[in-house]
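In this text, all values refer to a predicted model and were calculated from it rather than measured experimentally.
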Amino acid sequence: MLCVGRLGGLGARAAALPPRRAGRGSLEAGIRARRVSTSWSPVGAAFNVKPQGSRLDLFGERRGLFGVPELSAPEGFHIAQEKALRKTELLVDRACSTPPGPQTVLIFDELSDSLCRVADLADFVKIAHPEPAFREAAEEACRSIGTMVEKLNTNVDLYQSLQKLLADKKLVDSLDPETRRVAELFMFDFEISGIHLDKEKRKRAVDLNVKILDLSSTFLMGTNFPNKIEKHLLPEHIRRNFTSAGDHIIIDGLHAESPDDLVREAAYKIFLYPNAGQLKCLEELLSSRDLLAKLVGYSTFSHRALQGTIAKNPETVMQFLEKLSDKLSERTLKDFEMIRGMKMKLNPQNSEVMPWDPPYYSGVIRAERYNIEPSLYCPFFSLGACMEGLNILLNRLLGISLYAEQPAKGEVWSEDVRKLDCHFTIRGGRLKEDGDYQLPVVVLMLNLPRSSRSSPTLLTPSMMENLFHEMGHAMHSMLGRTRYQHVTGTRCPTDFAEVPSILMEYFANDYRVVNQFARHYQTGQPLPKNMVSRLCESKKVCAAADMQLQVFYATLDQIYHGKHPLRNSTTDILKETQEKFYGLPYVPNTAWQLRFSHLVGYGARYYSYLMSRAVASMVWKECFLQDPFNRAAGERYRREMLAHGGGREPMLMVEGMLQKCPSVDDFVSALVSDLDLDFETFLMDSE
C-alpha cells in the first residue's frame, strides 16, 4: 500500500504486474465530486474530489493506523513495541542456537524486520500525527526500540553467530550474492559498535556512540535556534521585517528572498553570528566521530561513512568535487557577473555580490526573463492531473497502475492530510518464510494547499516536480523485490538513494510527459508547450552558481570528516573552502557551519546529492531522452536498479543500467551538460 499523506485520506496501491484491483470498496462512495469541465481517469478523479468526513466514519470496522491492529489508540504503541521486543528475544535465541548458514541471515533479517516495523512507523507518527498523545507514544516507542538495538549491537553471542558464518570460506562461497551482502552489512553494523574489540575498547566505542547521539541531537537543535540583537543596533526602517521581543529583535533565518539588501545583510550577519556553545558542540561531534572511526579500524570518519557507496572512498569524492569545481568555475563567474549586473541596476550604490545576494537576484533575473509566475501554471497542475500523469508514466514505462482505495476507519487520522518533502518507509518488503512476499508500505508527506469549494488542490510547478521526486522514492521502495527487508528499496547507500527520485524530475520537466496530464481543471485546455519551455529554461538561470555552492558545502563536509586533528578551526576552514570552492567572500564574524544541519544526518556524505544527480542525468540521457515512455528501457530500469534496493553494490546497478562503467569524468560531464539549454527535447519548439 502506498499512502499519500493529505491526498484526501486516500491510499493508492502501487501494483506490480499483473495489476491488482482496489480491495476495499469503490472510491466514489462517500466523496463529493466537484463540477469541472474536463474528465479524469479514476485515479485522477480520486484526487480532485473532496472526501466527506462524516461519511468516511461509516466505512467498515475500525482498524489501527496503517492497518496495524494495535494502533487504534496511542496505548497501542506500547503493546506493539512489547510484542516486537518479545519476538526479538526469541529470534536472538534462535540465531545463537542455529548452525551457521543462509538461515542465520534470514533470522537476522526477521529480527531487523520485527524492530523496524515498529520503529519506522513510530518515526513517522512522532512528527506527523496531529494528536500529542500519539506523538508522545511514538516517541517513547522509538526510544524503547533504540535501546534494544543498542543492546543487540553489543550482544557478543549474537555477533559470534554471524561471525562463524562469515569466517567459514566454504559457507560464504555457497551464499548467493544478496545473502552475502546482507550478512556483511549486518557485520558492518556490529563492528561500528566496536563489538569485535576487547572489553575495554568495546566500552569506549559504546560510550562514544552514546556521546555522538547526544551531541548530534544538541547540534541539530542549535542549527535552528534564533539569534537576537538589541533593537537600537538595527536601522529603524528594517526592524519591521523581523520579530520584536521587548528591547530585542529576533532573527530566525536568512530572509534570503527579501527585496531589501540591508534586510538580507542584517539577517545573514546576525543569524550566522557564532554561538560559543554550538561551536564547542560541533568540534566535539567531529572529534568524537573521528575517535570512533579510528577505534573501529578506519583512518577517518569519512572512510567509514563511505563504505559500500558508489564513491567507495573520500579520495574519489574529492576528485569528483575538484573536477566538478574546475568545470563549473567559468560558468559560475558568468553567473556572478549576471547577478552583479542586476544588483547594479537595482542598487547602483553597492553592486558587489555578497553571499546573501544570489538567491534573491537570481529570482529577479528569472522573473524578468521568463514569465513564470506560479499562479499561471497552477490551474494546469491540479492534484488529480498530477496523479493521473504519474499513473500514465508509470503504466507506460513500467506496467504499474495506481488504484485509489477507501481507507478503513482508523487507518488514517484525517480525510484531509497532506505534506511534502520526504517519504517514509512504514514497512519494508521481504520474502517471508512461507514464500509470500511482505508488501511494503510507504508514506509520502506532501505540503500542499487545501482545496476549496470552487477548485481542487492546485500545485505550483515546484510542488508538481516535488511530487514526482517523492514518487521516485516511493517506487524504489514499492518495486524493490529483495529477499531481505534490511536492504529493501531506499535502504541503500546514500549516493544511490536519490537516483530514482531525481530521475523522476527529468520526466516532470519533459513536455512529452507533461503534455499527457497538464490540463486546466475547468476548461480541459492543455498547458501550452512554450510555457513548459520557459519554465525549464528559467531553471538554468544561475544554475552553475547554485551547483558551485553545493560543491562548497560537500567539500567542507569532507574536510570536517577527514584527517584529524583539523589543521585549523572549523571557521577558518569554512573561510578557506568558501573562497576556493565558491568564490564569494567570507563575511567576518559569521559561522555558517553552525547552521549546517546536514552534518548530522549526512556526515561525510553531503556530496551524495550531486553524485545521485550525475547518475540520474546519465540514465535520462542514455535511456529516456529519445523516448521518455520507452518500455524496454523502463523494464531494464526496474530490473537493474529498482528491484535490488541495497542488495547489490550500487556501481553494479549503475553499470547494469548504463551498460558501461562510468568514470568520475563521466559524472562531472553529465552534471555540467545539464546546465546547457540545448539538450532537452521540450525546447524544440519547432516541432
Side-chain angles (χ1 to χ4, degrees), residues 237-238 240-241 253-268 328-381 449 458-466 505-506 508-511 514 518 520 525-550 552 582-585 671-686:
H237 71 280
I238 68 167
R240 69 178 187 280
N241 293 277
L254 292 173
H255 292 252
E257 303 301 326
S258 172
D260 189 322
D261 286 357
L262 195 56
V263 168
R264 294 195 313 279
E265 179 181 351
Y268 189 94
L328 288 173
S329 58
E330 281 189 27
R331 293 168 185 259
T332 300
L333 285 173
K334 285 179 182 173
D335 283 355
F336 287 152
E337 278 303 315
M338 189 160 56
I339 290 169
R340 184 175 288 109
M342 181 54 76
K343 187 173 183 181
M344 185 177 286
K345 181 178 169 183
L346 299 180
N347 183 6
Q349 292 80 26
N350 182 12
S351 61
E352 183 186 2
V353 179
M354 296 301 287
W356 50 81
D357 288 328
Y360 172 68
Y361 284 109
S362 60
V364 172
I365 296 166
R366 209 172 287 123
E368 188 177 88
R369 287 193 183 177
Y370 309 99
N371 185 16
I372 52 163
E373 170 57 41
S375 62
L376 297 173
Y377 289 83
C378 290
F380 297 92
F381 292 138
L458 301 178
L459 279 60
T460 64
S462 62
M463 289 174 185
M464 180 275 287
E465 184 180 284
N466 213 353
E505 293 177 21
Y506 287 89
N509 286 287
D510 188 291
Y511 181 73
V514 174
H520 197 287
Q525 174 197 353
L527 181 65
K529 187 173 185 181
N530 69 338
M531 285 181 70
V532 179
S533 298
R534 289 204 312 268
L535 189 62
C536 294
E537 286 179 73
S538 74
K539 291 177 184 177
K540 310 293 181 182
V541 172
C542 299
D546 289 343
M547 194 178 289
Q548 190 81 58
L549 183 64
Q550 295 304 309
F552 156 46
Y582 188 39
L584 294 186
L671 287 171
V672 174
S673 70
D674 272 2
L675 302 173
D676 296 328
L677 289 172
D678 58 358
F679 82 86
E680 300 95 332
T681 55
F682 46 66
L683 295 182
M684 299 176 187
D685 285 329
S686 57

Q. Side chain of R534, backbone of N371: donor and acceptor closer than 3.5 Å?
A. yes

Q. Is there a side-chain contact between Y377 and L527, using heavy atoms and a 4.5 Å cut-off?
A. yes

Q: In sequence, state the C-alpha distance, the side-chain angles, and the governing distance for R340 and E337, and then conclude on salt bridge (Lys or Arg N to Asp or Glu O under 4.0 Å).
A: CA-CA 5 Å; R340 184 175 288 109; E337 278 303 315; 2.4 Å; yes

Q: Apply salt bridge (Lys or Arg N to Asp or Glu O under 4.0 Å) to the pair K540 and D335, showing each step before the final yes or no.
A: CA-CA 10 Å; K540 310 293 181 182; D335 283 355; over 6 Å; no

(Q) Whether the side chain of S538 engages the backbone of L535 through a donor-acceptor N/O pair (distance < 3.5 Å, no angle test) should be reported. (A) yes

**Q.** Separation between CG of L328 and CD of Q548, rounded to the nearest 0.5 Å
**A.** 5.0 Å

**Q.** Sequence-distant partners of K343, side-chain hydrogen bond (donor to acceptor under 3.5 Å, both in side chains), two or more places apart
**A.** D357

**Q.** Which atom of R264 lies closest to which atom of S258, heavy atoms considered
**A.** NH1-O, 2.7 Å

Q: Just jot down the side chain to side chain contact (heavy atoms under 4.5 Å, CB included) partners of K345, sequence neighbours excluded, or say none.
A: M342, E368

Q: Starting from the C-alpha separation in whole Å, work towards a yes-or-no answer on side-chain hydrogen bond (donor to acceptor under 3.5 Å, both in side chains) for D674 and Y506.
A: CA-CA 10 Å; D674 272 2; Y506 287 89; 2.3 Å; yes

Q: Heavy atoms only: give me the nearest E537-Y370 pair and the separation to one decimal.
A: CB-CE2, 3.6 Å

Q: Taking the side chain as every heavy atom from C-beta outward, state whether L584 and P358 have any atom pair closer than 4.5 Å.
A: yes

Q) Which heavy-atom pair separates I238 from A266 by the least distance, and what is that distance? A) CD1-CB, 4.0 Å

Q.
Quick test of your reading: applying ring-ring contact (aromatic ring centres under 6.0 Å, His included), list the pairs with at least one residue in residues 335-355, sequence neighbours left out, ordered by first then second residue.
A. F336-Y582

Q.
Let me confirm one number: the CZ-CG distance from R331 to L675, rounded to the nearest 0.5 Å.
A. 5.0 Å

Q: Give a yes or no on whether a salt bridge exists between K539 and E465, defined as a side-chain N under 4.0 angstrom from a carboxylate O.
A: yes

Q.
Apply side chain to side chain contact (heavy atoms under 4.5 Å, CB included) to residues N350 and D261 and explain how you reach the verdict.
A. CA-CA 9 Å; N350 182 12; D261 286 357; 5.9 Å; no

Q) Looking at H520 and F380, what are the two nearest heavy atoms and their distance? A) N-CD2, 3.5 Å

**Q.** Minimum heavy-atom distance between P528 and Y511, given as atom pair plus value
**A.** C-CE1, 4.2 Å

Q | Inter-residue atom distance C542.SG - M547.CE, 0.5 Å rounding | A | 13.0 Å

Q: Would you give the length of the straight line joining atom OH of Y360 to atom CG of L346, rounded to the nearest 0.5 angstrom?
A: 6.0 Å

Q: Compare all side-chain heavy atoms of L262 with those of H237 and state whether any distance is below 4.5 angstrom.
A: yes

Q: Can you see which heavy atom on R366 is nearest to which on V541, and at what distance?
A: NH2-O, 3.5 Å

